Amino acid sequence: MNEVVGRDDLLFVTLDTLRYDVAQELAAAGRIPNLARHLPGGAWQRRHAPGSFTYASHQAMFAGFLPTPAVPGPHPRLFAARFAGSETTAGRTWVFDTPDLVSGLAAAGYRTVCVGGVGFFNRQGPLGSVLPGMFQESHWEPEFGVASPTSFASQVGRVEEIVAGLPREQRLFLFVNVPSLHQPNWFHLEGATRAAGDSRATHAAALEYVDRHIGRLFAAAASRRRCFTIVCSDHGTTYGDDGYTGHRLGHEAVWTVPYAHFFLDPPPGTPGVRPEAAV
């Protein structure tokens, strides 16, 4: 990451509330082709979330504690605050001297931009202002929220506007919180009703909806230079599993999340990009 930071743009996408088992099933069945083509080996990595709900998990991730591989460690981190005694800071870790990754990247010359989704990013009150307040620039509209059937498509449209307005030489750290998997999600499945509510099937349909639009997000993020990209869930959720419904609880379906990181290459002929940098 010490070579990546300062050279490439950075994109961090949280597919809020996405369950690992649903994500993996859809990737294996060919139902999320636009995501799957970027997953190493075509599959998600199984990881453990740093929190059981949005606020806690994002506070940890913005401090450099991304979801941890679900196998015995230790697991060196991509990013870490300078902290005496850290056992997961390694030679390849990008170390920052600020309280959080967002301000660390700002100090390194990045424009930090948040496009919010769920309520913890809506700036409609003090609590909903904490996470987006870490960024130099934040965006949220009702059309981006959990109740909007077109939330992600609307977010992508805003991202395209943001990227188009940046000077080409300006490095970008773009964070997008995707709300489509979060309840309510029943409206993403044809034939589902509000009265019947959300289910594992509507959750899967919401991921298919996201997949239909994520190619535009990736294209915008890599339109200027190579972009290091992280896509993961912040936590899962339950739909009657062992009697549980929802999240902010200690169930396997909540703690286990899908994760991937990869590079997005700029289009051939992008000004200022050496041919070898796009390989």
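From a predicted model like this one, the values you see are computed outputs, not experimental measurements.
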Item to check | Step-by-step ring pair (Phe, Tyr, Trp, His ring centres under 6.0 Å) determination, H235 to H182 | outcome: CA-CA 10 Å; H235 58 80; H182 195 282; 7.1 Å; no
Next on the checklist: Run the side chain to side chain donor-acceptor pair (under 3.5 Å) test on T245 and T238 for me, step by step, so that the C-alpha distance in whole Å, both residues' side-chain angles and the decisive distance to 0.1 Å come before the verdict.
Outcome noted: CA-CA 5 Å; T245 298; T238 52; 5.3 Å; no
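Judged as a side-chain hydrogen bond (donor to acceptor under 3.5 Å, both in side chains), the pairs with a partner in residues 59-69 (not counting sequence neighbours) are, in order, Y55-Q59.
The side-chain contact (heavy atoms from CB on, under 4.5 Å) test applied to T202 returns N185, W186, L189, A192, D198, S199, not counting sequence neighbours. Applying the side-chain contact (heavy atoms from CB on, under 4.5 Å) rule to F65 yields the partners A60, A63, R77; only residues at least two apart in sequence or on another chain are considered. Listed by chain and number, the residues in a side-chain contact (heavy atoms from CB on, under 4.5 Å) with A153 are Y209, H213 (sequence neighbours excluded). When the side-chain contact (heavy atoms from CB on, under 4.5 Å) test is applied to P167, the partners found at least two apart in sequence or on another chain are E169, Q170.
Grouping Ile, Leu, Val, Met, Phe, Trp and Tyr by side-chain contacts under 4.5 Å, direct or through others, leaves V71 on its own.
Between S148 and S151, the side chains place no donor N or O within less than 3.5 Å of an acceptor N or O (distance only, hydrogens not considered). Side-chain contact, D234 with T14: no donor N or O sits under 3.5 Å from an acceptor N or O. Using modelled atom types, one finds no donor on one side chain facing an acceptor on the other under 3.5 Å when comparing H251 with D241. Side-chain atoms of H139 and E137 include a donor-acceptor pair closer than 3.5 Å. In this structure, a donor-acceptor pair under 3.5 Å is absent between the side chains of T237 and T17.
By the 6.0 Å and 45° rule, R200 does not stack over the aromatic ring of Y239.
When all heavy atoms are compared, the tightest approach of M1 to L78 is CG-O, 3.4 Å. Of all non-hydrogen atoms in Y110 and D8, the two that sit nearest each other are OH-O, 2.6 Å.
L105 is not connected to V115 by any chain of hydrophobic side-chain contacts under 4.5 Å among Ile, Leu, Val, Met, Phe, Trp and Tyr, and they are in different clusters.
F175 and F121 have tilted rings, their planes meeting at an angle from 30° to 60° on a 0 to 90° scale.
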